Peer 1: 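Provided herewith is a single structure, encoded as structure tokens, for subsequent inquiry.
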Amino acid sequence: MSYAQLSPVAGTIPGAVVQFKPVLPTELKISAVIITYNEEKIIRKTLQKLSWCDEIVIVDSYSTDNTVAICQEFGCDVYSRTFDGYGSQKQYAIARATNDWVLCVDADEIPTDELVLEIRSISPDTAYAGFSFPMNLVFLDREFKHGKESGRHFLRLFNRQKGGVTNEQVHESFRVEGPVKKLEHTILHYSYTSIHQCIEKLNRYSTLSAGISYGKGKKIGNGCLVRPAF
């Protein structure tokens with residue numbers, strides 16, 4: 001019997017019929033995907049804000065701290081993979097997801113409660129290919145609502161049938177074919193917990209960027225590599 005078929009129901013008024021309709025999902029089925037390496041200081045807080053997702057996929061680069069154990073506590077699907085660049089690592093993670101809609105965040109990017117509610121209000125039959133939301137930097141427990149590191153929209157939620165992540169080793173981005181809607185509420189970027197971590201992260205990114213430039217043969221007059229502007 002099809003859902004649209006009209007069928008008599010016992011106990012009802014004689015001759016009355018009830019139309020059966022399928023129960024439609026009221027929320028997108030979303031897979032959250034995160035790549036990790038030694039994120040024990042922040043990952044628990046991130047995962048707590050993603051508990052509403054249908055699944056959480058973790059691709060870990062052989063952490064030496066408790067990152068994997070914490071992810072397992074939350075029931076995440078954890079994969080281990082040698083890091084070979086941010087783009088390819090995230091591509092691998094997205095491929096492990098079982099849903100078309102993917103929320104791809106970094107381990108230190110935490111959605112606010114207001115953003116979670118906004119995402120969960122998106123209709124499953126949405127015509128958009130993706131959704132972006134503003135990101136504010138949190139440094140030394142202070143949220144920066146102004147400046148170049150805050151307020152910019154980033155595409156983080158998308159239909160993987162319509163796009164994905166670029167393959168750059170560093171400063172990768174997400175692209176989709178179709179309209180992208182800007183959401184109102186923010187995701188918080190806990191990028192640095194100390195000055196030391198800030199310097200270490202800048203050094204890691206600059207090293208990767210220098211390697212990319214070297215591979216492209218970019219040099220200046222004295223033989224030094226050109227440092228690209230990102």
Side-chain angles (χ1 to χ4, degrees), residues 27-36 39 42-43 45-54 56-57 59 85-91 93-94 97 99-193 198 201-202 205 208-209 228-230:
E27 297 181 7
L28 290 178
K29 291 184 69 65
I30 294 176
S31 298
V33 299
I34 309 173
I35 65 172
T36 59
E39 306 289 355
I42 190 67
I43 192 64
K45 189 173 183 179
T46 305
L47 295 176
Q48 287 172 343
K49 292 294 186 178
L50 298 176
S51 60
W52 55 274
C53 294
D54 292 279
I56 303 176
V57 177
V59 176
Y86 288 95
S88 61
Q89 199 80 344
K90 290 182 180 180
Q91 286 176 354
I94 293 169
N99 296 305
D100 286 339
W101 281 94
V102 174
L103 175 62
C104 192
V105 297
D106 291 342
D108 57 4
E109 295 175 351
I110 303 177
T112 59
D113 291 338
E114 293 81 5
L115 177 60
V116 170
L117 290 175
E118 193 174 12
I119 291 174
R120 298 186 71 176
S121 70
I122 298 172
S123 173
D125 60 356
T126 178
Y128 290 99
F131 296 85
S132 66
F133 19 90
M135 184 179 298
N136 286 348
L137 174 68
V138 177
F139 182 46
L140 300 179
D141 294 325
R142 178 182 177 185
E143 180 182 352
F144 288 78
K145 297 183 179 181
H146 306 283
K148 68 176 183 179
E149 293 296 330
S150 295
R152 294 182 297 164
H153 275 73
F154 291 90
L155 177 63
R156 287 289 189 271
L157 175 62
F158 59 91
N159 187 329
R160 66 175 180 170
Q161 298 298 326
K162 300 180 181 180
V165 63
T166 59
N167 199 41
E168 283 86 359
Q169 277 195 309
V170 65
H171 298 297
E172 74 293 343
S173 61
F174 297 93
R175 299 174 183 173
V176 293
E177 294 183 3
V180 174
K181 182 178 180 179
K182 289 184 176 181
L183 299 186
E184 177 183 354
H185 297 290
T186 59
I187 188 168
L188 301 178
H189 186 198
Y190 289 77
S191 186
Y192 322 112
T193 58
C198 176
K201 189 169 185 178
L202 289 174
Y205 272 71
L208 287 170
S209 297
F230 291 99

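The figures that follow rest on heavy atoms only: side chains count, while hydrogens, waters and symmetry mates do not. We number each residue from 1, following the sequence as shown. Since the structure is predicted, the reported quantities are computational estimates derived from the model, not experimental observations.
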Peer 1: Within the distance-only criterion (no hydrogens, no angle test), does the side chain of Glu118 pair as donor or acceptor with the backbone N or O of Glu184 below 3.5 angstrom?
Peer 2: yes

Peer 1: Find out whether Val138 and Ile110 are in side-chain contact, i.e. whether some heavy atom of one side chain is under 4.5 Å from a heavy atom of the other.
Peer 2: no

Peer 1: So do the side chains of Trp52 and Ile30 get within less than 4.5 Å of each other, counting heavy atoms only?
Peer 2: yes

Peer 1: Please tell me if the side chains of Asn167 and Ser88 come closer than 4.5 Å, counting only heavy atoms from C-beta onward.
Peer 2: yes

Peer 1: Walk me through whether Thr186 and Leu115 qualify under side chain to side chain contact (heavy atoms under 4.5 Å, CB included).
Peer 2: CA-CA 6 Å; Thr186 59; Leu115 177 60; over 6 Å; no

Peer 1: Tell me, do Asp100 and Lys29 make a side-chain contact under 4.5 Å, heavy atoms counted?
Peer 2: no

Peer 1: Is a side-chain N or O of Thr126 found less than 3.5 angstrom from the main chain of Ser123, in a donor-acceptor match?
Peer 2: no

Peer 1: Look at the side chain of Gln89 and the backbone N and O of Ile35, then say whether any donor-acceptor pair between them is shorter than 3.5 Å.
Peer 2: no

Peer 1: Give a yes or no on whether the backbone of Trp101 and the side-chain of Asn99 come within a donor-acceptor separation of less than 3.5 Å.
Peer 2: no

Peer 1: Give a yes or no on whether the backbone of Leu183 and the side-chain of His153 come within a donor-acceptor separation of less than 3.5 Å.
Peer 2: yes

Peer 1: Stepwise, does the side chain to side chain contact (heavy atoms under 4.5 Å, CB included) test hold for Asp108 with His189?
Peer 2: CA-CA 6 Å; Asp108 57 4; His189 186 198; 3.4 Å; yes

Peer 1: Measuring from Ile56:CD1 to Leu103:CG, what's the distance to the nearest 0.5 Å?
Peer 2: 9.5 Å

Peer 1: More than 12 heavy atoms of other residues, nucleotides or ligands under 6.0 Å from OH of Tyr128: is that the case?
Peer 2: no

Peer 1: Which pair of heavy atoms, one from Glu177 and one from Ala129, lies closest together, and at what distance?
Peer 2: O-CB, 3.7 Å

Peer 1: For Gln48, does the CD atom sit with more than 12 other heavy atoms under 6.0 Å from it, leaving out its own atoms?
Peer 2: yes

Peer 1: Report yes or no: does Asn136 contribute a side-chain atom to a donor-acceptor pair with the main-chain N or O of Leu188 at less than 3.5 Å?
Peer 2: no

Peer 1: Donor-acceptor check, side chain of Arg160 to backbone of Val102, threshold 3.5 angstrom: yes or no?
Peer 2: no

Peer 1: Would you check if the side chain of Gln91 reaches a backbone N or O of Val165 as a donor-acceptor pair within less than 3.5 Å?
Peer 2: yes

Peer 1: Measuring only between side-chain heavy atoms, which start at C-beta, is Pro111 closer than 4.5 Å to Leu50?
Peer 2: yes

Peer 1: Can you tell which of Thr166, Val33, Asp106 makes a side-chain contact (heavy atoms from CB on, under 4.5 Å) with Lys90?
Peer 2: Asp106

Peer 1: Do the non-hydrogen side-chain atoms of Phe174 and Arg156 ever get within less than 4.5 Å of each other?
Peer 2: yes

Peer 1: With a 4.5 Å heavy-atom cut-off, do Phe133 and Leu157 have their side chains touching?
Peer 2: yes

